[in-house]
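What follows is one structure encoded as structure tokens, with my remarks underneath.
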Amino acid sequence: MAGERPGDAFGSIERLPMTVPVLCNEAARRVFMARHLLTGSPKGGERPDTLARRVEDLGFVQLDSIRTVERAQHMILRVRHPAYRPAALKTLMERDRAVFEHWTHDASVIPMAFLPYWRFRFARDEARLRATFRRWQGPHFEDKLDETLRHIASEGPVGTRDVGGGEARAGGGWWNWHPSKTALEFLWRTGRLAVTRRDNFNKIYDLSERVYPDGPMAGQAETIDWSCNAALDRLGFATAGELSAFWRIATPQEAGSWAESERAAGRIEHLDVAGHDGRLRRHFARPGLDATIPAMANNPTRVRILSPFDPMLRDRKRAERLFGFSYRIEIFVPEPQRIYGYYVFPVLEGDRIIGRLDARAARSASRLIVRAFWPEAGVRMGRGRIERLTTEIERLARFAQCTLTDYETGWLRTA
């Protein structure tokens, strides 16, 4: 396929007079994967500037604390470039300040170039967040806002353990917050504090002016236009709701108005996209999408082990429509009721999700323990596919700094 004109291989877009073009499912998967940097075959070392560009191309990288093998952010970056090492992201954030930590749909690493739009988000979200935090924790955190800022200004960066000694806690577990901890989180979410680093994955906060560069706040119209354009560029095709959900900046109504205005101006068009079951769903896309459909580079059967929080899978409904892959994370499901396991990794082969892997790193023994691989329905586990899968598992073990891989008896399940 590498020598063919992109799009020719599978009749990707059908255009008939006065009708909405149709994108077939295989082409849709390729477009979506390409926008998520999963169709190439990277080689060579991983330099800071190329890592920063990769985060910008993705838009954000979600952070997660769970480390059954390696944390989500590192799995996300490693699967796109095997030379990636976890220390590189720390350098990018804490030394180079090329990225910052804040919220999209969840806590994420975001390119510093996008900060003007987050400054708008800080300002717009403040009243809503204040009301939300009052409902969660009561109003007492507001008495700590100025005190917290003065303390950090004079004493330097702090974590939640450095403030609030002796304060009453509200609730238990995750919500075991005292007023000063709530103040830290509120000041961060509204832009007056920034995360300067993570210590053992605990956020350390500093004044935003010590972390963020000087710069403007984008206006509302500019922010909505940027967020929708940037989301569409990273999705390839999207509904108004998907454009809104990508960054969680533009509201669904704002994204819908933007899309209709851009379509009227001829800058985007309607596109019907076929799901894995052949059903069509109406989207927006840029004209000429058929010229951007890639072939799978070099190795069309390459196996990749994804994080459950990979950006390609963050929208579970979209992943199910395009790939026929239904995924539910079972962390909060009682063990007897789990279908697959506590933290199971989706496995991609070429442009198809072929199964899910239950594995964990026993670091004290330097072993990666493979408990199970469940093929998706209709996936036949022949010798070649098993070899490709185990080769990738061995690569993952090395990435997790495990010298041995243990396969439990019966690890290869039947579809």
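Hydrogens, waters and symmetry mates play no part in the numbers below; they use all other heavy atoms, side chains included.
Under a 4.0 Å N-O distance rule, the pair Glu394/Arg398 does not qualify as a salt bridge. Salt bridge absent: Asp64 and Arg71 never bring a charged side-chain N and a carboxylate O closer than 4.0 Å. Ionic pairing of Arg388 and Glu349 is present here: one or more N-O contacts between side-chain nitrogen and carboxylate oxygen are shorter than 4.0 angstrom. Salt bridge annotation for Glu185-Lys203: present, with a cationic side-chain nitrogen under 4.0 angstrom from a carboxylate oxygen. The pair Glu126-Arg192 meets the salt-bridge criterion, with a side-chain N (NZ, NE, NH1 or NH2) lying under 4.0 Å from an Asp/Glu carboxylate O. Between Arg130 and Glu142 there is a salt bridge, with a side-chain nitrogen of the basic residue lying less than 4.0 Å from a carboxylate oxygen of the acidic one. In this structure, Asp49 pairs ionically with Arg47, as a charged nitrogen and a carboxylate oxygen lie closer than 4.0 Å. Note on Arg30 versus Glu26: salt bridge recorded, some NZ/NE/NH1/NH2 to OD/OE distance being below 4.0 Å. Remark: Arg53 does not engage Glu56 in a salt bridge, criterion side-chain N to carboxylate O under 4.0 Å. In this structure, Arg124 pairs ionically with Glu254, as a charged nitrogen and a carboxylate oxygen lie closer than 4.0 Å. Here Glu392 does not pair with Arg302 in a salt bridge; the nearest charged N to carboxylate O distance is not below 4.0 Å. Salt bridge present: Arg197 and Asp199 bring a charged side-chain N and a carboxylate O closer than 4.0 Å. Ion pairing between a basic and an acidic side chain is recognised when a charged N comes within 4.0 Å of a carboxylate O; Asp125 and Arg128 show such pairing.
The minimum heavy-atom distance linking Ala285 with Leu289 is given by the pair CB-CD2, 4.2 Å. Here the closest heavy-atom approach between residue Leu58 and residue Pro311 is recorded as CD2-CG, 4.2 Å. Ala238 and Leu243 get closest at one heavy-atom pair: CB-CD2, 3.7 Å. Across all their heavy atoms, Pro308 and Leu313 have their closest contact at O-CB, 4.3 Å. The heavy-atom pair separating Ala88 from Leu51 by the smallest distance is CB-CD2, 3.7 Å. Looking at every heavy atom in both residues, Met312 comes nearest to Leu348 through CE-CD1, 4.3 Å.
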After noting the C-alpha distance and the side-chain angles of Phe133 and Thr182, does the key distance pass the side-chain contact (heavy atoms from CB on, under 4.5 Å) rule? CA-CA 8 Å; Phe133 276 53; Thr182 308; 3.4 Å; yes
Could you walk me through whether Glu330 and Arg338 satisfy the salt bridge (Lys or Arg N to Asp or Glu O under 4.0 Å) test, starting with their C-alpha distance in whole Å, then the side-chain angles of each, then the deciding distance to 0.1 Å, before giving a yes or no? CA-CA 6 Å; Glu330 297 184 293; Arg338 290 175 189 154; 6.0 Å; no
Step-by-step side-chain contact (heavy atoms from CB on, under 4.5 Å) determination, Ile204 to Val158: CA-CA 5 Å; Ile204 305 298; Val158 301; 6.0 Å; no
Assess the residue pair Arg85 and Thr91 against the criterion (side-chain hydrogen bond (donor to acceptor under 3.5 Å, both in side chains)); give the C-alpha distance rounded to whole Å, side-chain angles, the decisive distance to 0.1 Å, and a yes or no. CA-CA 11 Å; Arg85 293 296 178 265; Thr91 298; over 6 Å; no
Any chance you could lay out the salt bridge (Lys or Arg N to Asp or Glu O under 4.0 Å) test for Glu101 and Arg198, step after step, and finish with the verdict? CA-CA 10 Å; Glu101 179 179 339; Arg198 289 261 189 169; 2.5 Å; yes
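Checked against the 6.0 Å centroid threshold, Phe60 and Phe114 do not count as a close aromatic pair. In this structure, Trp226 has its ring center under 6.0 Å from that of Trp247. Proximity of the aromatic rings of Tyr342 and Tyr340 is defined here by a centroid distance below 6.0 angstrom, and this criterion is not met. The aromatic ring centres of Phe284 and His270 sit less than 6.0 Å apart.
Residue Glu260 qualifies as enclosed at atom CD: its count of foreign heavy atoms under 6.0 Å is above 12. At most 12 heavy atoms of other shown residues, nucleotides or ligands fall within 6.0 angstrom of atom CZ in Arg279. Annotation: Arg328, atom CZ; neighbour count of heavy atoms from other residues, nucleotides and ligands within 6.0 Å does not exceed 12. Annotation: His140, atom NE2; neighbour count of heavy atoms from other residues, nucleotides and ligands within 6.0 Å does not exceed 12.
Taking the ring axis of Tyr84 as reference, the NZ or CZ atom of Arg78 does not stay both within 45° of it and closer than 6.0 Å to the ring centre.
Counted by atom type alone, Arg286 and Asn229 present one or more donor-acceptor pairs between their side chains at under 3.5 Å. Side-chain contact check for Arg121 and Ser227: no donor-acceptor pair (N or O, by modelled atom type) lies under 3.5 Å. Checking Arg29 against Asn25 by side-chain atom types alone, a donor-acceptor pair falls below 3.5 Å. Between the side chains of Gln62 and His105, at least one donor N or O sits under 3.5 Å from an acceptor N or O.
To the nearest 0.5 Å, atom CD of residue Glu222 and atom CG of residue Asp225 are 8.5 Å apart. In this structure, Asp162 CG and Lys181 NZ are separated by 12.5 Å, a value rounded to the nearest 0.5 Å. Taken to the nearest 0.5 Å, the CD1 atom of Ile339 stands 8.5 Å off from the CZ atom of Arg356. Here the CD1-CE distance, from Ile110 to Met93, works out to 9.5 Å after rounding to the nearest 0.5 Å. Here Ile331 contributes atom CD1 and Ile66 contributes atom CD1; the two are 3.0 Å apart, rounded to the nearest 0.5 Å.
Between Tyr327 and Pro346 the shortest side-chain heavy-atom distance falls below 4.5 Å. Here the side chains of Glu376 and Ile354 are not in contact, with every heavy-atom distance at 4.5 Å or above. Contact of the Arg318 side chain with the Thr239 side chain is not registered, since no non-hydrogen atoms from C-beta on lie closer than 4.5 Å. Under the 4.5 Å side-chain criterion, counting only non-hydrogen atoms from C-beta, His74 is not in contact with Arg67. By the 4.5 Å heavy-atom criterion applied to side chains, Phe122 and Met217 are not counted as neighbours. Two residues are said to be in side-chain contact when any heavy atoms from C-beta on lie closer than 4.5 Å; Leu145 and Leu187 meet this criterion. Phe309 has its side chain out of reach of Asp106: every pair of non-hydrogen atoms, C-beta onward, lies at least 4.5 Å apart.
Relative ring orientation between His102 and Phe100 is described as tilted, the plane-to-plane angle lying within the 30° to 60° band.
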